[in-house]
Amino acid sequence: MDIKNLINGEWCVQSGKETFDIINPCDGQTVEGSFKNSTNDDVDAAVAAAKKAFKTWSQLPVAKRCRILFHCKELLENNLERIAEYLVKENGKTMAEAEGELRRGIEVVEFAAGMPSLMKGDIVEGIAANVDGLIIREPLGVVTGACPFNFPAMIPLWMFPVAIACGNTFVLKPSEKCPISATMIAEIFRQGGLPEGVLNVVQGGGETFKALVSHEDVQAVSFVGSTPVAKSVWHSGTTLNKRVQSLGGAKNHIIIMPDADSEQTVKAIIGSSFGCAGARCMASSVLVLVGDADKLLDDIIQAAKNIKLGNGLDVNTQMGPVISAAHKKRVEDYIQIGFNEGAEVLLDGRGVTVKGYEKGSFVGPTLLGKVTSEMRVAKEEIFGPVLSVMRCDTLQQAIDIANTSEFGNGASIFTDSGSSARQFRVGIQVGMVGINVGVPAPMAFFSFGGRKNSLFGDLRAFGPDAVEFYTMKKTVVERWFGNVKTGSIWSK
Ligand code: NAD
């Protein structure tokens with residue numbers, strides 16, 4: 001598949017020389033798509049198209065903008081399986097994971113389609129004699145967004161539907177590792193009747209996004225990716241006085257109390273730590289066991305051993321490969337680092353092969369025991385199916401362990417005790433908290449985001465925070481002299 005730029009409603013070939021090939025991570029061979037990088041000229045053209053479209057799009061009544069979004073949502077639903085299949089091919093996740101990802105993204109389109117109520121302003125009539133005070137929300141202008149490889153379809157949908165529903169126009173830069181599903185989604189919105197220039201797509205890597213962030217006609221920047229890049233995007237954007245929301249990496253803790261329901265807890269840990277091959281910013285990657293939990297740990301190891309690896313398009317597959325051979329090496333290196341630091345390899349996912357996919361980037365579920373706070377496997381984001389296991393005696397010690405992390409995306413507790421759950425909810429320093437929930441990702445009508453090095457900026461992705469982020473407020477103080485002359489009751 002030829003992966004192109006979408007500029008002013010037309011698909012066009014990038015003018016760069018560098019070629020990006022999208023290799024299927026399951027067989028390590030099939031080229032699922034290719035594209036050339038975008039140059040500064042391509043970036044300029046996309047931003048110019050978005051700037052031009054902003055003039056009319058921002059003036060279109062919000063209800064009309066949302067009617068187009070409704071139609072696009074329907075088209076997305078009708079094409080869900082087709083897009084999910086490409087998502088599996090470019091990313092390696094299972095079909096169920098790909099369909100789930102798309103459904104979560106579509107929920108954001110549903111949320112955005114409610115924009116007529118969401119972007120309502122405020123009014124206080126009669127703040128003085130014949131004087132009214134109003135707050136109006138207005139769109140910002142051209143917004144850009146860049147996405148990571150792990151949710152290459154859902155994260156674009158976190159960004160542009162809310163932005164355009166508010167009246168902005170958008171330049172999207174998909175992940176260069178997985179651009180196919182995002183590009184297909186953009187085509188759906190083009191077919192769904194989005195006017196030319198409202199949504200533009202520019203393909204490329206970090207240099208392309210840097211050019212977008214620093215472009216003088218770009219007003220705001222949405223970013224999701226690793227912490228070092230999130231920090232630098234936030235720094236560049238805010239230095240240029242732009243609005244930036246920049247979501248970074250994670251290291252999420254899951255605390256198990258002795259009174260937790262063991263069957264449900266094991267199920268939730270397996271899903272949270274090994275779902276999407278551990279490449280989720282909400283994956284639990286550190287398990288903190290409070291008190292004696294040997295039996296539970298044995299059950300987790302057993303369940304992890306039984307996970308069936310394979311091609312995500314096979315319905316029996318429970319876990320696909322990691323994104324690339326380079327990422328497989330990175331994950332395997334971390335397992336070795338853990339071992340060298342004194343961790344016990346309770347289950348080793350290195351060196352696994354899957355019949356028929358011998359060149360695939362598979363890493364099996366891995367558990368590292370006897371992990372301590374100072375080890376790199378306790379602190380750093382691995383982004384693979386590796387679960388570090390720590391132990392302590394009290395809930396407060398477990399909360400303290402989690403709170404030492406430089407990240408603050410999510411954390412969960414499994415317990416049957418309301419007071420333990422409350423102690424955890426109050427004491428834990430993360431943005432998203434789970435109580436007997438392995439992946440506490442908020443629904444589209446809340447907002448998504450962490451703390452510390454997991455989020456730069458004040459406002460989180462989608463939900464009400466996104467409406468706040470993609471609009472600016474104007475206050476109006478209004479007086480009409482006619483009422484004074486006619487002696488209306490308000491003039492008295
Ligand atoms: P990445 O940071 O390598 O890339 C993300 C995006 O940034 C890509 O579009 C890439 O082209 C662009 N980019 C790369 N270098 C850049 C630079 N110097 N300047 C500007 N843009 C640049 O991340 P990834 O490997 O694709 O994704 C995995 C990471 O994303 C993990 O760390 C994961 O935790 C994080 N993530 C976070 C969330 C969240 O909500 N907090 C969600 C999903 C993924």
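Atoms within each ligand, like the ligands themselves, are counted from 1 in listed order.
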Among all protein heavy atoms, pick the one closest to [atom] and tell me residue, atom and distance.
atom: atom 17 (C) of ligand 1; result: V229 CG1, 3.7 Å
atom: atom 44 (C) of ligand 1; result: N150 OD1, 3.2 Å
atom: atom 37 (C) of ligand 1; result: G248 O, 3.1 Å
atom: atom 8 (C) of ligand 1; result: C147 O, 3.2 Å

Ligand 1 contact on [X] by region, counting heavy-atom pairs under 4.0 Å:
X: F151; result: neither
X: R280; result: neither
X: V233; result: side chain

Given side chains that start at C-beta, do those of [X] and [Y] come closer than 4.5 Å, heavy atoms only?
X: V233; Y: V221; result: yes
X: S361; Y: I323; result: no
X: T144; Y: S222; result: no
X: V389; Y: L368; result: no

- Item | K379 and E406 ion-paired at < 4.0 Å | no
- Item | Identified side-chain contact (heavy atoms from CB on, under 4.5 Å) partner of I22 from the options P179, S175, S34 | P179
Would [X] count as a contact of ligand 1 if the rule is a heavy atom under 4.0 Å away?
X: G450; answer: no
X: E207; answer: no
X: F149; answer: yes
X: I155; answer: yes
X: W158; answer: yes

- Query: Does NZ or CZ of K51 lie under 6.0 Å from the centre of the six-membered ring of F54, at an angle within 45° of the ring axis?
  - Reply: no
Per-atom contacts, ligand 1 versus [X] - under 4.0 Å to a heavy atom:
X: G205; value: 11 (O)
X: G249; value: 32 (O), 34 (O)
X: E176; value: 8 (C), 9 (O), 10 (C), 11 (O)

- Message: So, regarding K210 and ligand 1 (criterion: nitrogen or oxygen to nitrogen or oxygen, under 3.5 Å), is there a contact or not?
- Response: no
- Item | G249 to T227 - nearest heavy-atom pair and separation | N-OG1, 2.8 Å
- Note: heavy atom closest to atom 38 (C) of ligand 1, options C281, A279, S236, belongs to C281
- Got a protein heavy atom sitting under 4.0 Å from atom 4 (O) of ligand 1? no
- Taking only residues two or more places apart in sequence, or in another chain, which ones meet F383 in a ring pair (Phe, Tyr, Trp, His ring centres under 6.0 Å)? F149
- Query: With sequence neighbours left out, what residues match Y334 under ring pair (Phe, Tyr, Trp, His ring centres under 6.0 Å)?
  - Reply: none
